[in-house]
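The next block holds one structure in the form of structure tokens; read it before the comments.
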Amino acid sequence: MKNDTFLRACHRKEVPYTPVWLMRQAGRYMKEYMEIRKKHSFLEMCKTPEIACKITLQPVERLGVDAAIIFADILLPLEGMGIRFEFAKNEGPVIENPVRSKKDIEKIRVIEPEEDVPYLLEAIRLVKRELNGRLPLIGFSGAPFTIASYIIEGGGSKNYVHTKTLMYNEPEQWHILMERIADVVIAYLNSQISAGVDAVQIFDSWVGCLGPDDYRRFVLPYTRKVINSLKKGIPVINFSTNTGTYLDIIKTAGGDVVGVDWRVRLDRAWDTIGYDTAIQGNLDPVVLFGSAGTIKKRIKEILDMAGGRPGHIFNLGHGIIVGTPVDNVRLLVDTVHELSQRR
Ligand code: CP3
């Protein structure tokens, strides 16, 4: 691998500079993306390997990041699970048949990736061929809780009333459901690993709506099972948001890298997680709407908190927001490289 700084940092090895990539680095904030998006729906783009490949590579060319992430979505396994959904205009995902009852849970299928998401595996093979050893490629999945929250709520949610009600009132059904989703995530990620990704990230984007004890009881066993069941040999990034008060528990789910958001100081987060694990994060994505001076200052603060210790991967604390100026994203990547240069 020509640029292996990201993979080396995942394994806490010395690097010449801090590697950086960005969650949602491909997307609507980029003109090149919008040009293709005008002609296709988002799902069409995901399901056409040539398009998914092209979009995966856009931020690689434009930004100079140290890793590519496959253009896909955490909701792609739903179809194979027997759950129908669409991306409604400006509304995010809408699920036609949300999972609410024992009967709904029984009907969920564990996917067979070669049959249910062949386009994703083909896109991974295409990107690997195009990258030709230049950069690592990251595969990803939603974590069991975050997927559960979508399929139970029927879309995004503010209070997770349906999800938590099932969890609190029918724990037996909850555990059956989570076991099933964990098996889906394992199949989904292992197929991506077989297709050639160099690392995987598990997005538990919404799990921070739970307190520490509910995380431990209702979520931890499944995220841990997923991580333990992955094919060995590539780094696993365990990402969540709003979990700053229980990163010690999050860490016990496993993973080579823990991803953290901006609601926690990076130095305190790393101290909590422990220096035997790498850390990824954690700039507030809204900083990228500010001036060059502000952006540079905020980047330096995070690099200082990482203290040049091996095992820091620079990223945002969550995905890039639509409307972010591309020049500022480019400035971010260049600034991280420049300020972290090891002399
Ligand atoms: O990082 C990357 O560049 C890879 C691509 C990627 C997408 N989704 C593409 C996408 C990744 C890593 C995801 C993960 C994902 N998808 C998550 C976890 C990450 C996070 O943000 O917490 C979640 C929760 C989803 C579910 C999802 N997909 C939502 C809520 C939406 C709608 C949001 C919106 O901005 O409208 C999507 C659609 C989606 N996924 C888009 C992209 C580029 C926008 C599609 C479009 O309209 O062009």
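Just follow the structure's listing: the first ligand is 1, and inside any ligand the first atom is 1. Residue numbers start at 1 and run along the sequence shown.
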Least distance between heavy atoms, Trp206 atom then Thr146 atom: N-OG1, 3.2 Å
Close side-chain approach of Ile138 and Phe6, heavy atoms under 4.5 Å: yes
Which segment of Ile70 sits under 4.0 Å of ligand 1 when only heavy atoms are counted: backbone
Pro59 contact mode with ligand 1 (heavy-atom cut-off under 4.0 Å): neither
Sub-4.0 Å heavy-atom approach of Cys46 to ligand 1: no
Arg37 contact mode with ligand 1 (heavy-atom cut-off under 4.0 Å): side chain
Backbone or side-chain N or O of Thr146 under 3.5 Å from ligand 1 N or O: no
Close approach, Thr56 and ligand 1, non-hydrogen under 4.0 angstrom: no
Ligand 1 contact on Arg28 by region, counting heavy-atom pairs under 4.0 Å: side chain
Per-atom contacts, ligand 1 versus Tyr33 - under 4.0 Å to a heavy atom: 43 (C), 45 (C), 46 (C), 48 (O)
Side chain Asn328, main chain Pro325, donor-acceptor under 3.5 Å: no
Element-labelled atoms of ligand 1 that are located less than 4.0 Å from some non-hydrogen atom of Met23: 1 (O)
Non-hydrogen atom of Pro93 closer than 4.0 Å to ligand 1: yes
From Phe71, Phe85, Tyr33, residue fulfilling ring pair (Phe, Tyr, Trp, His ring centres under 6.0 Å) relative to Phe42: Phe71
Whether Ser191 side chain and Pro113 backbone form a donor-acceptor pair below 3.5 Å: no
Heavy atoms from other residues, nucleotides or ligands near NZ of Lys54 exceed 12 (cutoff 6.0 Å): no
